[in-house]
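To start, the structure itself, in structure tokens.
Computation of the quantities below employed the complete heavy-atom set of this structure, encompassing side-chain atoms and omitting hydrogens, waters and symmetry-equivalent molecules.
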Amino acid sequence: MTQTLDAPPTTAARRARDWFTALEDALRARDVERAAGLFARTSFWRDLVAFSWNITTVEDRAGVTDLLTATLDRTDPSGFAVPDEPEEADGVTTAWFTFETAVGRGRGLARLVEEDGELRAWTFLTTLYELRGHEEPRGPARPKGAEHGVNRDRQTWAERRAREAVELGRTTQPYVLVVGGGQGGIALGARLRQLDVPALVVDRHARPGDQWRSRYKSLCLHDPVWYDHLPYLPFPDNWPVFAPKDKIGDWLESYVKVMEIPYWGGTEVRSAHYDDAAGEWTVVVVRDGPGHEREELTLRPKQLVLATGMSGKPNVPVLPGQDVFRGEQHHSSAHPGPDEYAGKKVVVIGSNNSAFDICGALWEHGADVTMVQRTSTHIVKSDSLMEIGLGALYSEEAVASGMTTEKADLVFASIPYRVMHEFQIPLYEQMRERDADFYRRMEDAGFRLDWGDDGSGLFMKYLRRGSGYYIDVGAADLVANGDVQLAHGQVDHLTEDAVVLEDGTELPADLVVYATGYGSMNGWAADLISPEVADRVGKVWGLGSDTTKDPGPWEGEQRNMWKPTQQEALWFHGGNLHQSRHYSLYLALQLKARQAGLPTPVYGLQEVHHTR
């Protein structure tokens with residue numbers, strides 16, 4: 001254990017130092033029982049790759065014992081240091097720490113509490129951020145760029161890039177193929193580029209950012225800018241708090257270029273098959289060739305990453321009468337925007353984010369809009385979410401206080417999912433009280449509100465099921481005022497000119513928008529690989545909380561995300577911009593370790609309790 005505080009240690013620093021000294025002594029002696037005894041009886045150790053080559057959480061001393069018994073010898077942790085002054089509040093000592101393993105360097109965050117007169121760990125986060133001998137060329141290690149001297153065989157940067165583009169996928173194969181070129185695939189592509197892992201990102205859209213440009217024109221980010229930075233290249237400090245979709249699209253396109261991410265647009269993946277004997281995938285793609293002709297290519301990557309979006313495939317309901325309906329109908333993911341529907345009668349099926357956004361834009365353009373609410377929805381006002389829910393970590397005030405994006409991400413990651421709802425409930429109680437008049441107006445209009453199964457609000461709904469909420473940026477007032485009409489119930493069928501609900505209510509319609517959400521990401525695995533592989537992997541997303549749309553048993557981490565799956569060499573990556581940024585690091589390190597030939601025995605491989 002090394003102590004890096006320059007000034008004489010405070011009581012908190014001394015106590016934290018003593019705890020880490022005791023931990024390191026126990027680990028060095030391979031005394032698992034003594035190390036586990038430094039954890040509270042109720043405790044949580046979350047590990048992001050450092051010990052487990054996985055993303056996993058173990059609970060209580062029994063879980064710590066199991067993790068260390070399986071991983072301690074090969075991990076060989078050492079050099080625990082406390083670089084910053086720990087904080088003490090409400091009986092909890094919070095300490096940042098750094099450490100090393102046999103293969104790399106890590107950092108973490110511990111919350112220490114008094115139990116039976118001894119300081120013990122309540123929550124403990126360990127993360128791997130760097131592989132020894134495979135460090136990113138950043139800061140003092142940045143590349144020189146210029147090649148001074150004389151060399152008759154010199155190639156310019158542009159010539160090297162052009163040669164790489166010609167050879168990739170033909171004479172040279174990517175080690176990693178990333179399917180999906182939205183923010184998730186692009187963030188991972190940037191990480192892999194910096195780690196010198198040969199990788200290729202492919203997407204069916206022609207240009208990076210088209211995933212955003214193609215959505216309805218009123219779409220903006222609902223998360224604030226401080227939450228949304230991409231790796232290496234944060235948004236400038238004059239970037240809007242909530243960026244419009246086309247601005248995000250342009251940023252992603254420029255990011256691909258600046259970060260030199262090998263990227264094929266206009267590329268359709270036809271099929272993928274894993275050869276266990278060869279240890280590689282055979283992936284057939286069709287893409288735009290040099291002369292804009294379509295060409296079929298076979299790629300043979302060692303690793304396949306599906307970065308097709310956390311939401312997966314659109315859920316488009318199959319309803320009687322869809323074939324006779326004379327108007328237009330489409331899923332919200334294909335909604336072109338409101339311009340063509342002025343004066344039209346529009347029925348929007350759904351009452352979450354996309355439904356509200358689309359209803360608001362249609363009303364602004366003079367459409368006669370009805371929202372069909374099928375189940376209750378959690379709504380939180382944007383200003384309240386920013387100030388109460390995110391302000392401590394992701395805000396201008398947080399930046400001014402010294403909170404970096406990296407540090408905020410680790411604080412966020414350090415709260416175990418098992419108890420995260422306990423942290424969230426008080427925040428949403430504050431929001432409910434602050435905006436009580438708004439919620440009263442929504443209920444008076446007949447809108448069915450909820451706060452999650454346990455009152456923990458939006459973020460837990462997102463983690464558990466990825467749906468069921470709306471961050472209100474103004475459209476909810478249209479429902480409260482009656483400007484957007486509200487109906488309730490399931491759709492029974494369509495007629496030539498109306499949507500008919502199960503109770504017989506007829507809603508005249510020229511356009512029906514199905515804002516009916518998305519399925520699990522492994523629906524793409526079923527289509528591209530096989531239904532058998534999709535079921536072998538199991539459901540993607542959710543925690544096993546046994547709440548609505550998140551069936552148990554408890555799994556403790558996002559199912560199958562950013563970590564090994566039951567299908568060798570198949571990975572899933574995605575989520576919002578925050579998750580794409582943060583977890584792309586740990587996925588990239590797992591892929592780099594395999595490319596470099598490092599042993600990567602996985603502790604706690606994801607079990608499969610549910611298929612698609």
Would you call the rings of [X] and [Y] parallel, tilted or perpendicular if under 30° counts as parallel and over 60° as perpendicular?
{"X": "W251", "Y": "F235", "value": "tilted"}
{"X": "Y586", "Y": "H582", "value": "perpendicular"}
{"X": "F124", "Y": "F97", "value": "parallel"}

Indicate yes or no: does [X] engage [Y] in a salt bridge with an N to O separation below 4.0 Å.
{"X": "D437", "Y": "R440", "value": "yes"}
{"X": "R34", "Y": "D25", "value": "no"}
{"X": "D250", "Y": "K247", "value": "no"}
{"X": "E387", "Y": "R434", "value": "yes"}
{"X": "D546", "Y": "R464", "value": "no"}

Could you pull out the closest heavy-atom pair between [X] and [Y], with the gap in Å?
{"X": "Y583", "Y": "A413", "answer": "OH-CB, 4.5 Å"}
{"X": "L188", "Y": "V305", "answer": "CD2-CG1, 3.8 Å"}
{"X": "A36", "Y": "T65", "answer": "CB-OG1, 3.4 Å"}
{"X": "Y470", "Y": "N352", "answer": "CB-C, 4.2 Å"}
{"X": "V176", "Y": "L192", "answer": "CG1-CD1, 4.0 Å"}
{"X": "R120", "Y": "G37", "answer": "NE-O, 3.0 Å"}

What distance do [X] atom [atom1] and [Y] atom [atom2] have between them, rounded to the nearest 0.5 Å?
{"X": "W554", "Y": "E59", "atom1": "CH2", "atom2": "CD", "answer": "7.5 Å"}
{"X": "L195", "Y": "E130", "atom1": "CG", "atom2": "CD", "answer": "9.5 Å"}
{"X": "F572", "Y": "Q567", "atom1": "CZ", "atom2": "CD", "answer": "9.5 Å"}
{"X": "L230", "Y": "I248", "atom1": "CG", "atom2": "CD1", "answer": "8.0 Å"}
{"X": "Q194", "Y": "R138", "atom1": "CD", "atom2": "CZ", "answer": "7.5 Å"}

Heavy-atom donor-acceptor pair, [X] side chain to [Y] backbone, under 3.5 Å:
{"X": "T127", "Y": "R107", "result": "yes"}
{"X": "Q595", "Y": "A593", "result": "no"}
{"X": "E397", "Y": "A392", "result": "no"}
{"X": "R132", "Y": "T101", "result": "yes"}
{"X": "Q579", "Y": "N576", "result": "yes"}
{"X": "D60", "Y": "S43", "result": "yes"}
{"X": "R46", "Y": "I415", "result": "no"}
{"X": "E118", "Y": "L38", "result": "no"}
{"X": "R581", "Y": "Y227", "result": "yes"}
{"X": "H610", "Y": "K539", "result": "no"}

Tell me whether the count of non-hydrogen atoms from other residues, nucleotides or ligands lying under 6.0 Å of [atom1] in [X] goes above 12.
{"X": "E607", "atom1": "CD", "value": "no"}
{"X": "E135", "atom1": "CD", "value": "yes"}
{"X": "E568", "atom1": "CD", "value": "no"}

### Message
Suppose we screen for ring-ring contact (aromatic ring centres under 6.0 Å, His included). Which residues come up paired with Y603, at least two apart in sequence or across chains?
### Response
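By the ring-ring contact (aromatic ring centres under 6.0 Å, His included) rule, Y603 matches no residue at all.
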
### Message
Run the ring-ring contact (aromatic ring centres under 6.0 Å, His included) test against F412 and tell me which residues pass, sequence neighbours left out.
### Response
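Checked F412 against ring-ring contact (aromatic ring centres under 6.0 Å, His included); matches are Y394, F459, H578.
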
### Query
Are K549 and W541 in a cation-pi setup, meaning NZ or CZ lies under 6.0 angstrom from the ring centre and within 45 degrees of the ring axis?
no

### Task
Sort out for me which residue in H421, M420, Q424 forms a side chain to side chain contact (heavy atoms under 4.5 Å, CB included) with L463.
M420

Exercise: do [X] and [Y] side chains pair donor with acceptor under 3.5 Å:
{"X": "T57", "Y": "E557", "result": "yes"}
{"X": "R465", "Y": "T547", "result": "no"}
{"X": "T93", "Y": "E88", "result": "yes"}
{"X": "Q183", "Y": "W212", "result": "yes"}

### Query
Out of T377, T548, D550, D450, which one pairs with K461 under the side-chain hydrogen bond (donor to acceptor under 3.5 Å, both in side chains) rule?
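With K461 as partner, side-chain hydrogen bond (donor to acceptor under 3.5 Å, both in side chains) holds for just one option, D450.
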
Are [X] and [Y] close enough that some pair of their side-chain heavy atoms sits under 4.5 Å apart?
{"X": "F423", "Y": "P416", "answer": "no"}
{"X": "L605", "Y": "P564", "answer": "yes"}
{"X": "M386", "Y": "W226", "answer": "yes"}
{"X": "L543", "Y": "M460", "answer": "yes"}
{"X": "K381", "Y": "M431", "answer": "no"}

### Message
Go through it in stages, so that I can follow the logic: the residues are M521 and M561, the test is side chain to side chain contact (heavy atoms under 4.5 Å, CB included), and I'd like the CA-CA distance, side-chain angles, deciding distance and then a yes or no.
### Response
CA-CA 10 Å; M521 282 179 68; M561 292 297 295; 3.9 Å; yes

### Criterion salt bridge (Lys or Arg N to Asp or Glu O under 4.0 Å) on E555 and K563, from CA distance to verdict
CA-CA 14 Å; E555 299 183 54; K563 60 185 179 180; over 6 Å; no

### Task
Start with the C-alpha gap between T565 and N560, add the side-chain angles, then the distance that decides, and say whether side-chain hydrogen bond (donor to acceptor under 3.5 Å, both in side chains) holds.
CA-CA 6 Å; T565 69; N560 288 309; 5.2 Å; no

### Task
Could you give me the CA-CA distance, side-chain angles and deciding distance for K592 and E136, then say whether salt bridge (Lys or Arg N to Asp or Glu O under 4.0 Å) is met?
CA-CA 11 Å; K592 176 63 183 181; E136 294 183 4; over 6 Å; no

